[in-house]
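Following: one structure in structure tokens, then a few remarks.
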Number of protein chains: 2
Amino acid sequence: MATDDLMTRALETLGDDAPLTVEAIHSLTDAAVVPESMTIAEVADLLDISAHTLRYYERAGLVEVARDDYGHRVYDAEAVRRLVFLTRMRLSGMPMRDLQHYIALVDAGQETVPERLDMLLEHRDTIRRRIRELTLSLAATEYKIATYGGSTGPDVQDL
Amino acid sequence: MATDDLMTRALETLGDDAPLTVEAIHSLTDAAVVPESMTIAEVADLLDISAHTLRYYERAGLVEVARDDYGHRVYDAEAVRRLVFLTRMRLSGMPMRDLQHYIALVDAGQETVPERLDMLLEHRDTIRRRIRELTLSLAATEYKIATYGGSTGPDVQDL
DNA sequence: GTTTGCGTTCGAGCGCGCTCGAAGCCATAG
DNA sequence: CTATGGCTTCGAGCGCGCTCGAACGCAAAC
């Protein structure tokens with residue numbers, strides 16, 4: 001099951017031009033994720049990342065995962081929630097370095113909340129800028145497509 | 001001069017919520033770039049990439065550049081236009097591999113136009129999807145920011 | 001005439017984020 | 001009883017896109 005990852009499902013849930021309200025996001029955030037504990041394969045499937053990557057994240061200090069009697073990883077709900085957050089941040093371009101710092105702050109306690117908020121605000125701005133860049137690139141690409149082979153404008157050269 | 005790269009200047013030219021019409025893009029495309037020929041330093045400055053990267057692109061077969069009597073690179077208008085295109089594609093996430101293929105098609109002549117168009121269409125879709133992903137991530141980040149430290153919803157945990 | 005500065009070629013190295021292979025443990029299926 | 005399959009650890013390797021250093025050439029400035 002779960003041939004699509006969280007992001008894909010989320011994009012399908014909200015139509016392409018949905019308002020993306022706080023409520024809509026809220027509904028995504030805790031949808032589907034219920035289990036008390038999960039295996040590495042289940043989490044990998046849920047997040048559409050490899051078990052290798054999950055182990056790598058753990059090695060990198062991003063999440064702690066308990067073991068069962070056989071030494072196998074047991075992901076509890078908190079670990080899964082954290083990994084959902086982490087993969088979302090990764091997908092939106094936050095570097096591992098920053099995530100490690102962020103998680104260190106989380107583990108350091110409540111007094112780091114302001115700094116964490118700062119990181120999120122900065123990341124928000126980064127995403128916004130990236131969206132603007134991509135929007136511009138999209139327009140340029142569409143312009144090129146529209147004028148390709150025609151005789152409109154200076155972009156007609158062989159590119 | 002030119003402390004800002006093309007993208008930054010473009011983003012400033014068009015307001016954040018400009019319509020991004022074909023005309024607006026057109027005006028960006030050939031703005032500023034006039035010189036008959038440019039040095040590597042000038043092109044690097046124009047595109048906000050390093051001279052190292054420009055040489056790398058040339059080595060990669062993305063562009064041919066003539067030399068002057070001293071063996072120094074002389075970028076003619078066509079090379080510069082191509083590099084503008086290439087950097088725009090790189091910035092919007094097209095892999096080097098694909099650009100090499102695209103350029104090979106360009107150099108192969110007019111009969112490759114359909115395939116080139118296919119590549120552009122596919123890239124357009126890639127950008128669109130990426131924008132949707134980022135928009136969702138942005139909303140999730142804003143949601144997290146908005147609810148941070150508050151007692152609203154399930155995301156209040158220490159993340 | 002030497003210093004400064006900008007260019008050249010070539011090949012190696014790096015940062016990032018995985019990705020993989022080897023060797024081994026355990027449990028269930030046939 | 002022996003496969004098969006999924007998990008474990010550990011460390012190495014990889015693909016991408018640069019990025020850099022070394023050794024050198026040439027020219028205009030001092």
Side-chain angles (χ1 to χ4, degrees), chain A residues 1-2 5 7 37-76 79 83 85-103 123 126 130 133 137, chain B residues 1-2 5 7 37-76 79 83 85-103 123 126 130 133 137:
Chain A
M1 47 179 94
D5 58 288
M7 180 62 77
S37 74
M38 300 176 75
T39 68
I40 194 170
E42 289 164 350
V43 177
D45 191 51
L46 175 72
L47 302 178
D48 198 44
I49 59 181
S50 72
H52 281 301
T53 300
L54 281 169
R55 294 190 199 99
Y56 166 69
Y57 285 175
E58 188 179 346
R59 263 188 288 172
L62 294 182
V63 64
E64 284 186 14
V65 185
R67 304 297 141 104
D68 65 12
D69 293 345
Y70 310 131
H72 291 195
R73 285 170 177 78
V74 180
Y75 291 84
D76 62 17
L83 284 166
F85 170 76
L86 291 170
T87 47
R88 192 139 58 199
M89 287 299 152
R90 285 293 304 117
L91 235 81
S92 56
M94 185 176 280
M96 288 294 291
R97 185 188 315 279
D98 290 3
L99 283 175
Q100 288 170 323
H101 183 205
Y102 186 90
I103 289 300
H123 186 57
T126 300
R130 187 70 188 127
E133 286 178 354
S137 294
Chain B
M1 48 180 92
D5 56 289
M7 179 63 77
S37 74
M38 300 176 75
T39 67
I40 193 169
E42 289 164 350
V43 177
D45 192 51
L46 175 72
L47 301 177
D48 199 44
I49 61 181
S50 71
H52 281 300
T53 300
L54 282 169
R55 294 191 198 100
Y56 166 70
Y57 285 176
E58 187 178 346
R59 261 189 289 172
L62 293 182
V63 64
E64 284 186 15
V65 185
R67 304 298 142 103
D68 65 12
D69 293 344
Y70 311 131
H72 291 194
R73 285 170 176 79
V74 180
Y75 290 84
D76 63 16
L83 283 165
F85 169 76
L86 291 170
T87 48
R88 193 141 55 200
M89 288 299 154
R90 285 293 305 118
L91 235 80
S92 58
M94 184 177 279
M96 288 293 292
R97 185 187 316 279
D98 291 1
L99 284 174
Q100 288 170 324
H101 183 206
Y102 185 89
I103 289 301
H123 185 57
T126 301
R130 187 72 188 127
E133 286 178 354
S137 293

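Protein chains get the first letters and strands the later ones, always in sequence-line order, with residue 1 at the start of each.
- Of the candidate nucleotides D:dT19, C:dG7, C:dG17, C:dG17 has the atom lying nearest to any side-chain atom of A:P95.
- Between B:M89 atom CE and B:I103 atom CD1 the span is 10.0 Å, to the nearest 0.5 Å.
- At a threshold of 4.0 angstrom between heavy atoms, the contacts of B:A60 with the nucleic acid are absent.
- Atoms CD (B:E58) and P (C:dG7) sit 14 Å apart, rounded to a whole Å.
- Atom CD of B:E64 has 12 or fewer heavy atoms from other residues, nucleotides or ligands within 6.0 Å.
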* So B:E58 and B:R55, salt bridge (charged side-chain N to carboxylate O under 4.0 Å, His left out) or not? Walk me through it. -> CA-CA 5 Å; B:E58 187 178 346; B:R55 294 191 198 100; over 6 Å; no

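- When the nearest nucleotides of DNA chain D are assigned to A:A51 and B:S50 by heavy-atom distance, the more 5′-ward of the two goes with A:A51.
- Distance CD (B:Q100) to P (D:dG15): 15 Å, rounded to an integer number of Å.
- Taking OG1 from B:T87 and CG from B:L46, the interatomic distance works out to 8.0 Å, rounded to the nearest 0.5 Å.
- Nucleic acid contact class of A:R55 (heavy atoms, under 4.0 Å, all strands): base.
- Spacing between atom CD1 of A:I40 and atom P of D:dG5 amounts to 19 Å, rounded to whole angstrom units.
- Listed by residue number, the members of residues 66-74 of chain A with any heavy atom below 4.0 angstrom from DNA chain D are A:R67, A:G71, A:H72, A:R73.
- With rounding to whole Å, B:Y56 atom OH is found 17 Å from C:dC10 atom P.
- We find that CE of B:M89 is positioned 15 Å from P of D:dG17, with the value rounded to whole Å.
- Distance check: A:H52 NE2 to A:R59 CZ gives 9.5 Å after rounding to the nearest 0.5 Å.
- Spacing between atom CG of A:L86 and atom P of C:dG17 amounts to 13 Å, rounded to whole angstrom units.
- No contact: B:I49 has no heavy atom under 4.0 Å from any strand.
- Judged by distance alone, with hydrogens and angles left aside, the side-chain atoms of A:Q100 form no donor-acceptor pair with the main-chain N or O of A:G61 at under 3.5 Å.
- At D:dG17, none of the side-chain N or O atoms of B:Y57 fall inside 4.0 Å of OP1 or OP2 (strictly under the cut-off).
- In this entry the distance linking NE2 of B:H52 with P of C:dC10 reads 15 Å, nearest Å.
- Picking from D:dA12, D:dC7, C:dG17 the nucleotide with the shortest atom distance to the side chain of A:R59 gives D:dA12.
- The distance between atom CG of A:L54 and atom P of C:dC20, rounded to the nearest whole Å, is 14 Å.
- To the nearest 0.5 Å, atoms CZ (A:R67) and NE2 (A:H72) are separated by 10.0 Å.
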